[in-house]
Number of protein chains: 2
Amino acid sequence: MSATSRPATPGPARRTGGRSAAVLAAVRSAVEDLVSERGIAQVTIPMVAERAGVNPTSIYRRWGDAASMINDLATYRIAPDRPLPDTGDLRADLTGWAQELVEHFRQPAAAALLRGGAAAAGDGDSDCLRNRRAEATMLLDRAGSGLPVDEVIDHVIAPVVYRVLFRPWTLDDDLAARLVDRLFAGR
Amino acid sequence: MSATSRPATPGPARRTGGRSAAVLAAVRSAVEDLVSERGIAQVTIPMVAERAGVNPTSIYRRWGDAASMINDLATYRIAPDRPLPDTGDLRADLTGWAQELVEHFRQPAAAALLRGGAAAAGDGDSDCLRNRRAEATMLLDRAGSGLPVDEVIDHVIAPVVYRVLFRPWTLDDDLAARLVDRLFAGR
DNA sequence: GACTTAAAGCAAATATTTCTGCGTTAGAGT
DNA sequence: ACTCTAACGCAGAAATATTTGCTTTAAGTC
């Protein structure tokens, strides 16, 4: 057979829209609710299925187990293609971006998902914060600053994440600005 | 009846030594092994019981569920009364203490337990890092430095914890020193 | 050393989760 | 519109986890 008529996508066709998408949305919403109501440990697949109005089997087949499901949903919860702050000033951009981060994780559902992500992380490819690091890298690259990404990770992302996980009530309004100030003060 | 003969401890007697302690030790060891072998999500109580050579019922009755058990064990894993560095120099003490922290969490079992702790945290009273914060407070207080604990939390503990959870392979030998240097550089 | 009882063990009953085979629905490509 | 098939739903079976009532062990106290 000639290869010319093959579509761009190799593998088997995916069903990305319609019913599959509806199931995904229902499951996502159910997981967010349940996980913030009861904590990750108490969330089971049959429970999510019932809340989502979906058959448990569908969840088992798509994700296999609760940990993978939660990690997957935690990873993609902030759209990776949303517009990033772009004022021309690196410091202002970082502050705005960090502020978004804090605000995002002030939602109980987002915090709970992060806890789930943390529980499932460590094995390299399950890391629900990788998109966040990619964003930081982008901001720094665009500004052509010599600031290493690791500095932003250690002194902005890490403190926010720590607080989200262990002391969520300390996520105050000026945390983002404080951390970014400290980042620039140190050099 | 007269109150004079009552022992100092009010409530019911506790069985702290002997068999109870043996069960606790066996369970702790089993949890550490299993949790670093397979990850928190895959660790069940019957599994721990078998590995520990203990009856599942004993675990159910003592902790109720896997999350509580893991969180409890994660909290007390570094002895809270071990001697802290005391060279007379705050910076050296903090560096030594941070180094201990990094080394501790380089053990896969300790990292895995921290993941479990993170998953169960957020509700205020389950916080497996509270002893670590207390230690930092002690170091600062003893030195009479004006450095707020939050600075140590944000710029030393948080980066270490972030790396333990999400990027364990970046826990290099000079991380502790780098973070403490940065802490003092900024002021 | 005898007494009291907290904590552990055991076994059977119950509840819940996970898997499997098969029929149905509906997206994607022609 | 028609075809192909990925993904879903359903129902029953199998595997696991959790609870419960009772017995046994041994820590703490006198």
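What you see is a predicted model; the values in this text were computed from it and never measured. Below, chains carry the letters A, B, ... as their sequence lines are ordered, and counting in each starts from 1.
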Quiz item: With a 3.5 Å cut-off and no angle check, do the side chains of B/S68 and B/N71 form a donor-acceptor pair?
Solution: no

Exercise. Measure the spacing between CD1 of A/I153 and OH of B/Y162 and express it to the nearest 0.5 Å.
Key: 5.5 Å

Practice problem: List in numerical order all residues of residues 34-43 of chain A for which some heavy atom is under 4.0 Å away from an atom belonging to DNA chain C. | Solution: none

Practice problem: Measure the CG-CD distance between A/L129 and A/E135 for me, rounded to the nearest 0.5 Å. | Solution: 10.0 Å

Self-check item: Test item: side-chain donor near acceptor, A/T87 and A/D89, under 3.5 Å
Solution: no

Quiz item: Whole Å only: how far is the CH2 atom of B/W63 from the P atom of D/dT19?
Solution: 16 Å

Exercise. Identify the heavy atoms of A/R28 and A/L73 that sit nearest to each other, and give their distance.
Key: CA-CD1, 3.9 Å

Practice problem: Could you tell me the separation between the CZ atom of B/R62 and the OG1 atom of B/T57, rounded to the nearest 0.5 Å? | Solution: 13.5 Å

Self-check item: 4.5 Å side-chain heavy-atom contact, B/E37 and B/E32
Solution: no

Quiz prompt | Length of the line joining B/N55:CG and D/dT19:P, which is rounded to integer Å | solution = 14 Å

Exercise. Report the distance from atom CG of B/L24 to atom P of C/dA8, rounded to the nearest whole Å.
Key: 9 Å

Exercise. Using only side-chain N and O atoms of B/S58, determine if any of them is under 4.0 Å from OP1 or OP2 of C/dG9.
Key: yes

Quiz prompt | pair B/L101-B/R106: side-chain heavy atoms closer than 4.5 Å | solution = no

Please tabulate the protein-to-nucleotide N/O contacts below 3.5 Å involving nucleotides 16-20 of chain C, giving atom names and distances.
from: C/dT17; atom 1: OP1; to: A/T44; atom 2: OG1; distance (Å): 3.0
from: C/dT18; atom 1: OP2; to: A/Y60; atom 2: OH; distance (Å): 2.4
from: C/dT18; atom 1: O5'; to: A/Y60; atom 2: OH; distance (Å): 3.1

